[in-house]
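What's counted below: heavy atoms across the whole structure, side chains too, no hydrogens, waters or symmetry copies. Numbers for residues simply follow the sequence, beginning at 1.
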Amino acid sequence: MSAGLQTWMIKAAPRAVEAASALWVAVFTLSIGLGALEGGLRLGGICALAAALVVRSARPGASLR
């Protein structure tokens with residue numbers, strides 16, 4: 001999200017600059033949170049898949065050393 005969008009929001013609502021700025025901060029924070037959530041889910045999925053492959057490739061009855 002660019003500073004240009006923030007400028008546009010403030011120009012679109014000249015009588016409600018505080019509300020437009022608060023909306024900007026809320027959207028920006030939500031974007032960061034959703035990006036972190038998506039990254040965490042992807043990383044968790046990759047780790048779970050890797051763990052499943054390791055468990056599947058282990059021979060039954062093989063001793064751990």
Side-chain angles (χ1 to χ4, degrees):
M1 303 186 74
S2 67
L5 181 58
Q6 183 180 14
T7 303
W8 174 80
M9 287 176 64
I10 291 172
K11 285 183 179 181
R15 296 184 205 168
V17 173
E18 290 89 5
S21 296
L23 181 61
W24 167 256
V25 171
V27 169
F28 189 75
T29 304
L30 180 64
S31 299
I32 292 171
L34 289 175
L37 176 65
E38 181 181 351
L41 290 174
R42 286 183 186 211
L43 181 61
I46 290 169
C47 289
L49 179 62
L53 291 173
V54 168
V55 169
R56 183 176 175 160
S57 68
R59 291 181 289 162
S63 63
L64 297 175
R65 296 179 190 195

Separation of Thr7 OG1 from Trp24 CH2 (nearest 0.5 Å): 8.5 Å

Going hydrophobic residue to hydrophobic residue with side-chain gaps under 4.5 angstrom, can you get from Ile10 over to Val25? no

Listed once per pair and sorted, the salt bridge (Lys or Arg N to Asp or Glu O under 4.0 Å) pairs that draw on residues 21-46, sequence neighbours left out: Glu38-Arg42

With sequence neighbours excluded, give me every salt bridge (Lys or Arg N to Asp or Glu O under 4.0 Å) pair touching residues 5-20. none

Taking the side chain as every heavy atom from C-beta outward, state whether Val17 and Ser21 have any atom pair closer than 4.5 Å. yes

Per-pair distances, 0.1 Å, donor-acceptor, side chain in residues 43-58, under 3.5 Å, sequence neighbours excluded:
from: Ser57; atom 1: OG; to: Leu53; atom 2: O; distance (Å): 3.2
from: Ser57; atom 1: OG; to: Val54; atom 2: O; distance (Å): 3.0

Taking atom CG of Leu37 and atom CD1 of Ile32, what is their separation to the nearest 0.5 Å? 13.5 Å

